[in-house]
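We count ligands from 1, going down the list as the structure has it; atoms in each ligand are counted the same way. It should be emphasised that the depicted structure is a prediction, and the values quoted were computed from it without experimental measurement. Only this structure's heavy atoms are used, side chains among them; waters, hydrogens and symmetry mates stay out.
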Amino acid sequence: MESLVRLKNVTVRYRSNGRRYLTAVSNVDLGVSPGEFVAVVGRSGCGKTTLLKVVAGLIKPDEGEVAYSERFFNGSKKKIGVMFQSPLLLPWRNVLENILLPIEIIGEDPANYVERALILMERTGLRGFEYSYPWELSGGMQQRVALCRALIHRPQLLLLDEPFSSLDAITREEMWVLLESVFLYENYTTLLVTHDIREAVLLSDRVVVMSGKPGRVKTEVEIPFKRPRNISLQYSKEFNEYVAKIKSMLSE
Ligand SMILES: Nc1ncnc2c1ncn2[C@@H]1O[C@H](COP(=O)(O)OP(=O)(O)OP(=O)(O)O)[C@@H](O)[C@H]1O
Ligand SMILES: [Mg+2]
């Protein structure tokens, strides 16, 4: 199948301290097919965020190229939804206004998206908090708001940069379940970067394992578990075999 987005032989260098160049990622080939959930795992500093920025078009690679499928351009401005490690909500806006922010940015009328915002809030257990302010919410709730905001404009590609790493273990598991259900409902093409191997195996169709300094794709592992996946999957023998295999690849 044609990739929605494909990085071809991508190398990115940063100028560190204005003098020497640091090669953050080197010769990376990575494609994401429509409807696929791909997870990229690697140690801190191996270039995961850099790759996401290249996919989002925020960084231009020094070598190689990013190829987007024609289908990707059909959606005009509604291409990408992003979620980061911290929720980055605007404190002076209530929950509903935060969720509707991308609509204002792409220049459409937020009124046309209120119903969708309420549906997303319903699915993520946020109904009733429309008029609350971010500081009135728990960390997990704030990340759910950030997820709704990332999805409000029906992006063609969802980019997730360690979105749950600041949450406690139980809340993180709740977010995994939520993301799985959102993925099934709306069938998003998703690219997740994380250092949490369990998270990658539970959620993705394919795990891309990176090595560091400079960041390279070491290998890829297909994750065949059927969906919908349940949180209890992580206690199965097969699941833990995948986790152990990927962990050993990372530490090689
Ligand atoms: N703007 C920048 N200028 C200079 N160097 C940078 C810049 N951004 C990242 N780097 C360097 O590039 C390398 C890759 O960084 P990147 O943020 O992509 O890693 P990461 O895998 O996302 O790490 P983490 O898991 O800690 O978020 C690191 O060595 C980092 O110090
Ligand atoms: Mg990062």
Of all protein heavy atoms, the one nearest atom 25 (O) of ligand 1 is Lys48 NZ, 2.7 Å

With respect to His195, determine whether any N or O atom, backbone or side chain, lies less than 3.5 Å from an N or O atom of ligand 1.
no

Min side-chain heavy-atom separation Arg227-Leu184 under 4.5 Å:
yes

Is any N or O atom of Thr50, backbone or side chain, closer than 3.5 Å to an N or O atom of ligand 1?
yes

Do any nitrogen or oxygen atoms of Ser44 lie less than 3.5 angstrom from nitrogen or oxygen atoms of ligand 1?
yes

Considering heavy atoms of the protein only, find what lies nearest to atom 19 (O) of ligand 1 and give residue, atom and distance to 0.1 Å.
Gly47 N, 3.3 Å

Within the protein, is there a heavy atom lying under 4.0 Å from atom 4 (C) of ligand 1?
yes

How far is atom 6 (C) of ligand 1 from its nearest protein heavy atom, and which residue and atom is that?
Tyr14 CD1, 3.2 Å

Step by step, would you call Tyr21 with Arg15 a side chain to side chain donor-acceptor pair (under 3.5 Å)?
CA-CA 4 Å; Tyr21 280 99; Arg15 202 197 286 268; 3.0 Å; yes

Test your reading of the model: is there a side-chain donor-acceptor pair from Tyr68 to the backbone of Val55, 3.5 Å cut-off?
yes

Does the side chain of Thr189 pick up a donor-acceptor pair with the side chain of Glu36 at under 3.5 Å?
no

Could you tell me if any non-hydrogen atom of Glu162 lies under 4.0 Å from any atom of ligand 1?
yes

In terms of heavy-atom contacts, does OH of Tyr185 have more than 12 from other residues, nucleotides or ligands at under 6.0 Å?
no

Within-4.5 Å side-chain heavy-atom neighbours: Gln234 and Trp176
yes

For Thr49 and Asp161, does a side-chain donor sit closer than 3.5 Å to a side-chain acceptor?
yes

Looking at ligand 1, does any of its N/O atoms fall within less than 3.5 Å of an N/O of Leu22?
no

Under a single-linkage definition using a 4.5 Å side-chain heavy-atom cutoff for Ile, Leu, Val, Met, Phe, Trp and Tyr, are Tyr131 and Ile152 assigned to the same hydrophobic cluster?
yes

Tell me whether the centres of the aromatic rings in Tyr188 and Phe37 are closer together than 6.0 Å.
no

At a threshold of 2.8 Å, where the distance has to be below it, does the Mg ion (ligand 2) have an N, O or S atom of Thr49 nearby?
yes

Please confirm whether Cys46 comes within less than 3.5 Å of ligand 1 when only nitrogen or oxygen atoms on both sides are compared.
yes

Sub-4.0 Å atoms of ligand 1 with respect to non-hydrogen atoms of Thr49:
17 (O), 18 (O), 20 (P), 22 (O), 27 (O)

Determine whether any heavy atom of Gly45 lies closer than 4.0 Å to an atom of ligand 1.
yes

